[in-house]
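Numbering of ligands and ligand atoms starts at 1, following listing order.
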Amino acid sequence: MQDKTEIADKNENLIPGATGDWEVVIGLEVHAQVISNAKLFSGASTEFGGAPNSHVSLVDAAMPGMLPVINAECVAQAVRTGLGLQAEINHRSVFDRKNYFYPDLPQGYQISQYKHPIVGEGEVEIEVDGDTKTIGIERLHLEQDAGKSIHDRHPDYSYVDLNRSGVALMEIVSRPDLRSAKEAQSYVGKLRTILRYLGTCDGDMDKGSMRADVNVSVRKPGTELGTRCEIKNVNSIRFIGQAVDSEARRQIDIIEDGGSINQETRLFDPKTGKTRSMRSKEEAHDYRYFPDPDLLPLEFDQAYVDELAKGLPELPDEKKHRFMDEYGLSAYDAGVLVAERASADYFEEVIHGVKNAKRDGKSAANWVINELFGRLNKEGQDIRQSPVLARQIAGIVNLIGAGEISGKIAKDLFEIVWTEGGDPAEIVDSRGMKQVTDTGAIEKTVDEVIAANPEKVEAVKAKPAMIGWFVGQVMKASGGKANPQAVNEILKKKLGVE
Ligand code: ADP
Ligand code: MG
């Protein structure tokens, strides 16, 4: 039987405190802007960065008598997203009014979904330090974004820009299943990957296309959930990590000092890396939710859902497992490649040009991840602008696989292809870069190296591991073109070592 301390020791997520270890519990509400040309209930454009108030219809400005009309594309996007989250799709959902006053909310209410969301329970698989974990999704609902108040243009006035007013958002609510900053970050990263694959949200956190409300509580392992605080609108994956850690620390310190946690809404300040209070639960709004009388319940049938399911692309987890099965990649390499659809597509194009994909799949993944990504990173370039094309990488991989060039020469070849372009096989031919497998030629070089280093020959006989030195010398003498295996064998024979 395992005792308690042993189990506790195994949980690397626990945070030490004066009164023993603490567990942090996190649930996220992610707001994701729907990719759609028009807004959720109007035909106005959703384009980012237009002149203030240039993308505003009479509906978005809440002119009296204007009626909302549901945008079918936004509904389809929410259903696609639900399918991508392995979630239950609700054939009937209801739009409610969430009432509050704010200058950037001209209607005086936000149209959202409350009791009957379009998508119910689902799940997302995350990976942290090589371990896989399933995070529950509670729901996904559609709602409108608000406008933007601008306070820093004029000392005496505030302005309102309604370009975002009415833009469709999906709010994706997780269960409180996350147990560390890393898990929360991994979850948001994975969600972003899935939405991008689906083409339902661009996931661009810099532009505010994705932001998260981070709910954090702490408890002693095995006890009931603690009181949570909600940190509003955190807009980068790095900040999510910092917000979780600093908020957990704050709560642990309060409880260990004999205090208790007040349920409240807090803000994350990137400058201090800490959270601060915004409003307590007592001051919280009563939104007086009620079904919007201007909109009928949203209803569709299973045939509609099936049709959308047919159009879905292969999702990152499926792709990852296929890469592992078909090309023998490690879970790690496959995970790196599928994190962005563009890099997965690039790799797949490389594989199509590789003659023996089963044998050389791993090598192809190495070349894409280590050499190409490494180089693109260094140059600050995106895979979509890569000067080296997939078929050129495939060419290099084929030459290595066929034993025509060594790994070292392949790096030189990559450099040439990167800077000058060209067909790898032709470059190898025209510049005499082919690996020498002709044993006669290698033997000649081996003899020369042995003759020039009699004292090392003695040393190698005493200590066979020294043979590596000879291999290095012969490789150098051949300009890196000798086949290292052949060199090794010939040396062993000539030096009489095993
Ligand atoms: P509300 O509707 O008041 O926002 P919910 O129950 O819908 O509250 O929860 C909102 C989010 O808070 C969800 O993501 C949920 O997982 C998370 N959450 C709920 N309870 C806790 C808790 N004790 N600690 C951390 N997160 C929590
Ligand atoms: Mg909430």
**Q** Based purely on interatomic distance, does Leu225 place a nitrogen or oxygen under 3.5 Å from a nitrogen or oxygen of ligand 1?
**A** no

**Q** Are more than 12 heavy atoms from other residues, nucleotides or ligands located less than 6.0 Å from atom OH of Tyr332?
**A**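 No, not enclosed.
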
**Q** Grab the two heavy atoms, one from Ala44 and one from His55, that are nearest each other, plus how far apart they are.
**A** CB-O, 3.8 Å

**Q** Relative to ligand 1, is Asp213 under 4.0 angstrom through side chain, backbone, both or neither, heavy atoms considered?
**A**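 Near ligand 1, Asp213 shows nothing, with every heavy atom at 4.0 Å or more.
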
**Q** Are the side chain of Asp294 and the backbone of Leu67 linked by a donor-acceptor contact shorter than 3.5 Å?
**A** no

**Q** Just checking, is any N or O donor in the side chain of Asn215 or Glu29 under 3.5 Å from an acceptor N or O on the other one?
**A** yes

**Q** Pick, from Glu29, Arg228, Glu171, Arg139, the option with the minimum heavy-atom distance to atom 8 (O) of ligand 1.
**A** Arg228

**Q** Does Gln251 reach the main-chain N or O of Val216 with its side chain, forming a donor-acceptor pair under 3.5 Å?
**A** yes

**Q** Just how far is it from atom CD of Glu183 to atom CG of Leu28, taken to the nearest 0.5 Å?
**A** 11.0 Å

**Q** Under 4.0 Å from a heavy atom of Val25: give me the atoms of ligand 1 that qualify, with their elements.
**A**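 Checking each atom against Val25, I get 24 (N), 25 (C).
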
**Q** Is Asn215 close to ligand 1, meaning an N/O of one under 3.5 Å from an N/O of the other?
**A** yes

**Q** Distance under 4.0 Å to a non-hydrogen atom of Ser174: what atoms of ligand 1 satisfy this?
**A**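 That gives atoms 13 (C), 14 (O), 15 (C), 16 (O) of ligand 1.
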
**Q** Considering residues, nucleotides and ligands other than Lys274, do more than 12 of their heavy atoms fall under 6.0 Å from its NZ?
**A**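 It does not: Lys274 NZ has 12 such atoms or fewer within range.
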
**Q** Could you list which atoms of ligand 1 come closer than 4.0 Å to a heavy atom of Arg175?
**A**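 Matching atoms, with element in brackets: 16 (O).
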
**Q** At less than 4.0 angstrom from any non-hydrogen atom of Leu28, what atoms of ligand 1 do you find?
**A**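 Close to Leu28: 14 (O).
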
**Q** So if I count the atoms of ligand 1 from 1 in the order they appear, which ones are less than 4.0 Å from some heavy atom of Val173?
**A** 13 (C), 14 (O)

**Q** For atom 23 (N) of ligand 1, state which one of Gly136, Gly27, Gly226 supplies the nearest heavy atom.
**A** Gly226

**Q** Can you list the atoms of ligand 1 that are under 4.0 Å from a heavy atom of Glu138?
**A** 7 (O)

**Q** Around atom CG of Asn370, are there more than 12 heavy atoms from other residues, nucleotides or ligands closer than 6.0 Å?
**A** yes

